[in-house]
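Notes follow the structure.
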Amino acid sequence: MNLIKCLTRELLFSKRTVLFSIFTGATVMLAQAQTNAPVPVLQIKADQVTTKVSPVLYGLMTEEINYSYEGGLYGELIRNRAFKANATNAVFWNLIGNGAISLDPTAPLNDALNTSLKLDATQAAKNAPAGIANGGYWGIPVKPKSSYQVSFYAKAAGGFSGPLTVSIESADGKKVFARAEISGLTGDWKKYDVTLKIKNVKPSKDNVFKITTVSPGTIWFQNVSLFPPTFANRANGNRPDIMQLLADMHPKFLRLPGGNYLEGDYINERFDWKKTIGDVSQRPGHRSPWNYWSTDGFGLMEYLGWCEDLKMEPLLAVFAGYALRHDYIKPGPDLEPYVQDALDEIEYVTGDAATTKWGAQRAKDGHPAPFPLHYVEVGNEDWFDRSGSYDGRFTQFFNAIKAKYPSLQIIATADVKSSVPDLLDEHYYKSQEEMESQSHLYDTRERGGPTKVFVGEWATRVGRPTPNMAGALGDAAWMCCMERNSDLVLLESYAPLFVNVSDLARGGSMQWPSDLIGYDALTSYGSPSYYAQVMFSTHHGDNVLATDSQNIPTYEWKVPTRRRNGADQPASTRQVPALFFDATRDSASGVIYLKVVNRQSTPQPVAIDISGVAAIAAKGHATVMKAGKPDDTNSLQDPKHIIPVSEKAKGLGKNFTRIFPPYSITILELKTK
Ligand code: AHR
């Protein structure tokens with residue numbers, strides 16, 4: 001043991017705060033400590049690879065919740081564009097001027113959009129226009145120097161031919177940002193398109209979209225749409241700012257379309273993929289289990305386009321015959337149509353455009369090339385199914401999918417006995433203490449079985465609407481565990497991904513607090529948990545290295561007597577680790593990535609020993625995210641309060657001591673020689 005090691009290891013700190021020096025190679029660092037504890041030691045055995053890092057470990061999970069697509073990622077700015085959000089009222093639409101607006105089911109556009117908005121403009125005039133207005137999803141964003149595409153279907157009674165004026169205006173009516181005219185209306189439904197060009201104005205969101213007339217008439221509208229510029233200019237595409245946040249995560253897969261959203265409250269409210277493809281005006285839409293209407297403008301093809309834009313693979317969850325209110329289909333002949341639907345869906349994603357029915361449909365929908373697909377999940381959280389039917393339902397899907405697509409990996413959502421799933425989807429929504437106390441869960445999980453793990457939903461739920469630093473620390477502890485065990489845990493995805501933070505009151509824009517990315521109509525931000533994800537997914541090698549440790553500090557956790565399911569348990573305490581780590585190495589460059597998470601309120605010196613390499617360069621790189629207190633967080637107003645910072649690391653070597661700041665996540669990049 002060299003001198004530095006001796007000094008650092010044997011240092012025991014007095015109970016009162018002392019200033020002490022730690023020698024780290026050429027550097028002398030000063031730090032304060034207030035503990036009697038010996039210095040923790042981490043050993044990294046650089047020549048002992050325990051397993052490969054799963055190349056697809058870090059992914060995304062998504063569903064329509066918290067206004068994730070409508071009012072979120074999906075570019076559409078008009079709320080209730082198809083007038084189906086409420087069966088009796090034209091919710092989110094207002095009358096301008098004199099007249100009346102109402103839903104008119106006797107004037108449907110087609111079988112899918114089987115109602116329309118009727119405007120009776122009884123007294124319109126130049127100085128008193130009449131019309132309809134929509135305030136979007138908590139505002140219509142206006143961004144400088146941008147073009148917005150307006151489209152809608154309309155028809156008029158009694159020879160009224162227009163013109164109609166479309167405009168984006170401030171909600172107080174003082175500013176008109178852009179305006180255009182549409183004429184030529186007839187008694188038959190016809191689609192109208194126009195571009196609104198915004199000049200170099202200040203960004204704002206307290207705006208409305210209007211369609212008005214200065215002459216009296218009766219006009220019907222359907223599928224009224226306003227699209228801003230989209231990521232990669234994709235038609236019917238996504239918001240660029242949110243897409244960029246996701247792109248920075250370098251996700252490998254997207255678990256779609258849920259979550260509860262896959263299942264629906266009732267079977268007829270499931271994600272019925274065939275009704276979500278093709279022309280948006282032919283998509284009927286459906287009520288989501290998160291209690292709001294989905295137009296399904298963001299349908300299966302839009303999910304796949306999202307995957308393509310971010311170079312990630314879909315992980316396709318297929319509806320498995322169970323809905324959230326315990327509605328289920330018995331395995332056997334009754335389930336067959338649903339199994340066929342799943343096979344058709346896989347064919348739509350992967351089938352050859354020339355030789356398969358659904359591959360040809362995909363080509364017709366604008367994408368001749370098949371999408372890559374390796375993982376299919378059967379259902380979602382089927383442990384909720386009290387009928388006990390999942391075993392039979394899963395096996396029926398499993399057998400049919402494997403028979404046609406033997407190379408697909410099939411994921412079960414609950415334990416089954418009558419077949420052997422390739423993966424099991426495990427979900428963990430936890431407090432920080434719970435997450436940290438299970439930070440070695442997979443270290444001791446039995447190996448060798450054929451079924452691997454997909455942690456398809458998880459989050460440290462601290463902070464609302466988005467997690468704070470305490471959440472990020474719990475997440476990082478958990479990610480160390482998953483990465484270290486990625487022979488077993490092949491895939492992981494945090495959930496939920498998105499929240500519209502515009503209206504956090506009950507029944508507003510958030511149904512589930514603690515979500516990775518927040519936004520309103522205009523801007524977006526990543527939570528500390530988001531940045532922890534970015535750090536982990538973009539800083540790792542391909543090999544997991546063997547590690548060992550001594551003197552890991554712990555804290556005492558009083559386990560809550562009330563459990564999440566409402567049941568009580570006896571009072572107890574648990575010693576929980578306060579420091580977490582894992583090490584991976586890039587086989588091409590030799591770089592070792594050491595991740596260390598310090599959840600404590602004090603700086604933590606740690607002695608690091610690296611064996612199995614000739615030398616470690618004295619200079620390396622560190623990425624550090626830290627906070628002054630655990631509830632520090634990011635928001636729309638302060639989007640980058642807590643972010644990772646890159647810095648040079650000095651004084652590195654085969655043995656060195658580094659002080660890890662309070663409430664911090666650090667990734668050290670160590671160059672091996
Ligand atoms: O992520 C929110 C919900 O949590 C998902 O829809 C569901 O699968 C889980 O219960």
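Read the numbers this way: they start at 1 and go in the same order the structure lists the ligands and their atoms.
Near Glu381, meaning under 4.0 Å from one of its heavy atoms, ligand 1 places the atoms 7 (C), 8 (O), 9 (C), 10 (O). Of all atoms in ligand 1, numbered sequentially from 1 with element shown, those under 4.0 Å from a heavy atom of Glu63 are 1 (O), 2 (C), 3 (C), 5 (C), 6 (O). For ligand 1, the atoms lying closer than 4.0 Å to a non-hydrogen atom of Glu457 are 1 (O), 3 (C), 4 (O), 5 (C), 7 (C), 8 (O), 9 (C). Less than 4.0 angstrom separates some heavy atom of Tyr429 from each of these atoms of ligand 1: 1 (O), 2 (C), 4 (O).
Using a 4.0 angstrom heavy-atom cutoff, Gly258 does not count as in contact with ligand 1. Residue contact annotation: Tyr261 has no non-hydrogen atom under 4.0 Å from ligand 1.
The aromatic rings of Tyr67 and Tyr292 sit parallel, their planes meeting at an angle under 30°, below the 60° perpendicular limit. Ring pair Trp458/Tyr494 is perpendicular by interplanar angle, where above 60° counts as perpendicular and below 30° as parallel. Under the 30°/60° scheme for interplanar angles, the aromatic rings of Tyr338 and Phe319 are found to be tilted.
The aromatic ring centres of Tyr390 and Tyr322 sit 6.0 Å or more apart.
Of the N or O atoms in Trp512, none lie within a sub-3.5 Å distance of an N or O in ligand 1. Checked by distance only, ligand 1 and His427 stay at 3.5 Å or farther apart across all their nitrogen or oxygen atoms. Where the criterion is an N or O separation shorter than 3.5 Å, residue side chain and backbone included, Trp290 fails it with respect to ligand 1.
Between Asp443 and Arg484 there is a salt bridge, with a side-chain nitrogen of the basic residue lying less than 4.0 Å from a carboxylate oxygen of the acidic one.
Looking at Ile642 and Met625, their side chains come closer than 4.5 Å, going by heavy atoms from C-beta outward.
Of the heavy atoms in Met61, none comes closer than 4.0 Å to ligand 1.
Environment of NE2 in His440: crowded, with over 12 heavy atoms of neighbouring residues, nucleotides or ligands closer than 6.0 Å.
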